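What follows is a set of notes on a single structure, which appears directly below.
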Amino acid sequence: MAQISLTFPDGTAREFPAGTTAAEVAEGISKSLAKKAISASLDGVHWDLQWPIEHDGAIAINTMQDDAPALELIRHDLAHIMARAVQEIWPDVKVTIGPVRDFGWFYDFDRAEPFTPEDLGRIETRMREIVNAREPVRTEIWERERAIRHYEETGEPYKIELIHRIPGDEPIRMYWHGDWQDMCRGPHLLHTGQVPADAFKLMNVAGAFWLGDNTRPMLQRIYGVAFRNRNDLKAHLTMLEEAAKRDHRRLGREMDLFHFQEEAPGQVFWHPNGWRIYTTLQDYMRRRQDRGGYVEVNTPQVVDRKLWEASGHWEKYQEHMFIVEVDEEHAREKAVNALKPMNCPCHVQVFNQGLKSYRDLPLRMAEFGSCNRYEPSGALHGIMRVRGFTQDDAHIFCAEDDIEVETKRFIEFLSQVYSDLGFSAFKVKFSDRPEMRSGSDAVWDKAEAALRQATQAAGAEFELNPGEGAFYGPKLEFVLTDAIGRDWQCGTLQVDFVLPERLDASYIGKDGAKHRPVMLHRAVLGSFERFIGILIESHAGKLPFWLAPRQVVVASIVSDADDYVAEVTEMLRAAGIRAEADTRNEKINYKVREHSLGKVPVILAIGQREVAERTVSLRRLGEKHTRTETLDTLVDTLTQEARAPDMR
RNA sequence: GCUGCUGUAGCUCAGAGGUAGAGCACUCCCUUGGUAAGGGAGAGGUCGAGAGUUCAAUUCUCUCCAGCAGCACCA
C-alpha cells in the first residue's frame, strides 16, 4: 500500500498508509488526543476526522480548545440536529439548506403552517434529546443518480435542485446524524454528544426566499446561536440586551431627538435636540468641504421626468420615485415630475451651464442634497433607512487621468472625517458591474480598472463585492456597523463614464477640442440620517461634547441658588455652550438621574456653598466623582471641549 | 414588496364578548433636600383605521395602515 507523509504543527513528519483517516492519525499520536479530537486541518482545509487522507500534507488535530473549528462544527452539527428534530416532529416538512452564520446557524424549511414560538421550544427540547443520546455521525460519498433517486423517494425537491446546482466534478456527500440523513459538504463531529447541550438556543423564525431569489417560494428560516459553553452563550445573550439599549430608535425617544408617525412613513420629524446634532454635523462637514476644495450648490426638489429619462434613472428606478403630477388647466399634457431621488443629474445641469475648460477641472461640486426615494416598506429602519434624507453628496468632474489622484484625495478626506467622528475602523468594499447596467463593456473595463488601481494606489484594503456596482459605474463602499453588528454603507465613491455621456457634459481640452469629463460620485457620511443613527449607536447616546445636543445642565440644589444658576447658565451660553438651567423643585438626586439618563455630558450642581464661593460642582456623565471649579476655569475648559475636531 | 409577529395613556406594559387598568412621565400641593427616583393629590385613552358577525366588539373575522425580525431591494 502506498505511504503518505503528514507533517505536524511541531515540524515532525510521519508516514501513514494512504487512506488513513484523520481520526486514525490522532489515535496514532495519543489516546487522549484521539478522545478530544473534533476535526483536523489538512493543508488549511477543515477536515472531517472520518475522511481518508490520500496525499502528503500538513496536518493539525483540532480539539474543542481550537476556537474557530470548534464553533464551526458545533454550529454546523446543530443545524443538522435541528433539521432532524423538525422532521421528527413534522415529517412532512421539506428541508433545504442550513449554513453556519454569525454566532450560530440557520436552516430553511418549507412547511405550510408557520412555526410558532412554542414550536421552537419543542424543537429545542428534541434537539437536546438528540445531543444527549450521543448518536454517531457517519458519512459516505454517493453517486449523483443515487442521491437524486433517494430524494425523489423521500420527496425532497429542494435537495434535488441543489444537486443539479453542484458542479459535475464535485462529489455528493451524505451525512447521517443517527438515522437522519442530509446531503452536506461537511465536516462534522463524530457523534451528536460532542455538541454542548447547554450552550445553544433557538432565537427566531423569519421568512427567506429560496436561493435568495424573490421570485422563488418563501421558506421559513429558524435562527439559532451556539457556543462552546454555557457562559459564552449567556455572555452573548447579555450582549444582545446591551445592544438593544444602544438602539438609536430607543435612544432617539429617550433623548428626545426625533420621532416618526404614520402620516409620513420613513421620514424623520427632527426634534430640537436631534436637529442640533444634525446642524452641528452639517456645519462641520461644510467647513471640511470648503477647505477640501469643493464648491457648494443647491438644486431643485421637483424635476421633470424628462431629465430622469435622459439620465437612465426613470427606466431603472421609476417604481422607487415619488411621482408628482401637475394638472395645469391649459396644459395639453399632464406634466409628470419626480421628487429627486439623487442629485447627480441636477449637478450635471449646473456643470453644463456655460462652456467649461480643462482649467475648470477637477470641479468638485457638493450639495447637502435632500432626496426622496420610495423605499420598500420592509427596508425602512429607524433613521438608518428612510424615504426622505439628505446626502453629503458631491460630484467631481474631472479628466480620466485625474481619477487616481482624486480617488486618493477622497479616501484621505473620508479617513480624516471618520477619524474626527470617532470611527478609526471601517470596511471598504469594491463593487463591480451589475447585470442590469448602462454603458458598454469597454467603458466598464476602463472604469473598473481605474477605480481599482486608484484604490490600491491609495493603500486602501478592500473586499470584493461582485455584481453590486451602480448601474452607471463601479463603486467603493465605506461600511460602518450598528449596535447589533449589522453593516451599513455610509461613504461611497463611484466612477461614472455613463452619465456625462447621457446628459452631454463636456469641456474644452488643451487641444481646443470637446472632451467628456468623468464623474466621480462621492459621499462621506452618506446620509445625515443614517450617519447620525450610527453615531448614536456607537456612542450609546453619549455623544462627544461638541456634538451633544444638550451640553450642560446647571441644576440647583436649593432654591436660594436660582439666581446664581441663571447667571452661570447665561455665562455659558454667552460663551457658545449649549447650557440649560434646571431650577425645578426636585432633589439633586432626581435631577442627576434624569439628566444622566438624558445623556447630558456635564451636570453642574449648585447649592449654598457654590453660591457663596462663586464656584460650581461639576459632574461628568458616567463618572461618580465631582469636582469644584471656578467660573473662569469652567468656561475655559468647556469652550475648549465644545470646539469641533477641525477647529482644535 | 414577501413571510411571521405586534398595535391599549407621552413611555413601558397588563386586561376581558357587557364601552378600561398599573408603574414612570405630566399638573398642583407639601417638602429646600448635596450628586442616579422625597411624600400626597389630580388630570390624562374614538383600545391603529374601516367593514363584518353579534342584542352587544377595544376583545371574534376580514381588509387596510403603521411598526418589529428576517429575506429581497438600496441609483
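Please read all numbers here as calculations on a predicted model, not as lab measurements. The chains referred to below are lettered A, B, ... by the order of the sequence lines, with proteins before strands, and numbering in each begins at 1.
Looking only at atom types and distance, the side chain of Glu367(A) has a donor-acceptor partner in the side chain of Thr299(A) under 3.5 Å away. The closest side-chain donor-acceptor pair between Asp119(A) and Thr116(A) falls under 3.5 angstrom.
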Generate the contact string for nucleotides 33-47 of chain B. Rules: B means base contact, S means sugar-phosphate contact only, - means no protein heavy atom under 4.0 Å. BBBBBS---------
With B for base contact, S for sugar-phosphate-only contact and - for none (protein heavy atoms under 4.0 Å), nucleotides 68-75 of chain B reads SSBBBBBB
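Atom CD of Gln220(A) and atom P of U3(B) are 12 Å apart (whole Å). As rounded to whole Å, 23 Å separates atom P of G10(B) from atom CE of Met255(A). One atom, CZ of Arg253(A), and another, P of C24(B), lie 19 Å apart when rounded to the nearest Å. Following rounding to the nearest Å, Glu113(A) (CD) and G4(B) (P) show an atom-to-atom distance of 11 Å. Atom pair Phe109(A):CZ and G4(B):C1' shows a separation of 16 Å (rounding to whole Å applied). For Ile222(A) and U3(B), the CD1 to P distance is 18 Å, given to the nearest whole Å. Counting to the nearest Å, the P atom of C65(B) and the CD atom of Glu262(A) are 10 Å from each other.
Taking atom C1' in both C11(B) and C26(B), the straight-line distance is 12 Å, to the nearest Å. For U46(B) and U58(B), the C1' atoms lie 10 Å apart once the distance is rounded to whole Å. Across C5(B) and G10(B), the matching P atoms stand 28 Å from one another, rounded to whole Å. The C1' atoms of G52(B) and U12(B) are separated by 34 Å, rounded to the nearest whole Å. Nucleotides A14(B) and A22(B) are separated by 16 Å at their P atoms, to the nearest Å. For the C1' atoms, the distance linking G23(B) with G44(B) amounts to 15 Å, nearest Å. Spacing of C1' atoms, U19(B) relative to C71(B), comes out at 42 Å, to the nearest Å. C64(B) and C28(B) have their C1' atoms separated by 43 Å, with the value rounded to a whole Å.
Legend: salt bridge (charged side-chain N to carboxylate O under 4.0 Å, His left out) pairs involving residues 202-223 of chain A, not counting sequence neighbours, sorted by first then second residue: Asp108(A)-Arg221(A), Glu161(A)-Arg216(A). Within the structure, the salt bridge (charged side-chain N to carboxylate O under 4.0 Å, His left out) test picks out no pair touching residues 520-539 of chain A (sequence neighbours left out). Residue pairs meeting the salt bridge (charged side-chain N to carboxylate O under 4.0 Å, His left out) criterion with at least one partner in residues 617-628 of chain A, sequence neighbours excluded, are Arg620(A)-Glu641(A), Arg627(A)-Glu629(A).
Shown here are the side chain to side chain donor-acceptor pair (under 3.5 Å) partners of Thr637(A), two or more places apart in sequence or in another chain: there are none. Among residues two or more places apart in sequence or in another chain, the side chain to side chain donor-acceptor pair (under 3.5 Å) test is passed with Thr628(A) by none. Judged as a ring-ring contact (aromatic ring centres under 6.0 Å, His included), and not counting sequence neighbours, the contacts of Phe351(A) are Phe397(A). Residues passing the side chain to side chain donor-acceptor pair (under 3.5 Å) test with Glu463(A): none are found, sequence neighbours excluded. Residues meeting the side chain to side chain donor-acceptor pair (under 3.5 Å) test with Asp92(A), sequence neighbours left out: none. In terms of the ring-ring contact (aromatic ring centres under 6.0 Å, His included) criterion, residue partners of Phe109(A) (sequence neighbours excluded) are, by chain and number, Tyr107(A), Phe115(A).
Residue Glu315(A) qualifies as open at atom CD: its count of foreign heavy atoms under 6.0 Å is 12 or below.
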Per-nucleotide pairing state of RNA chain B [Watson-Crick or G-U, under 3.5 Å; [ ] pseudoknot-crossing; | other strand]: (((((((..((((....[..)))).(((((.......))))).....(((((..]....))))))))))))....
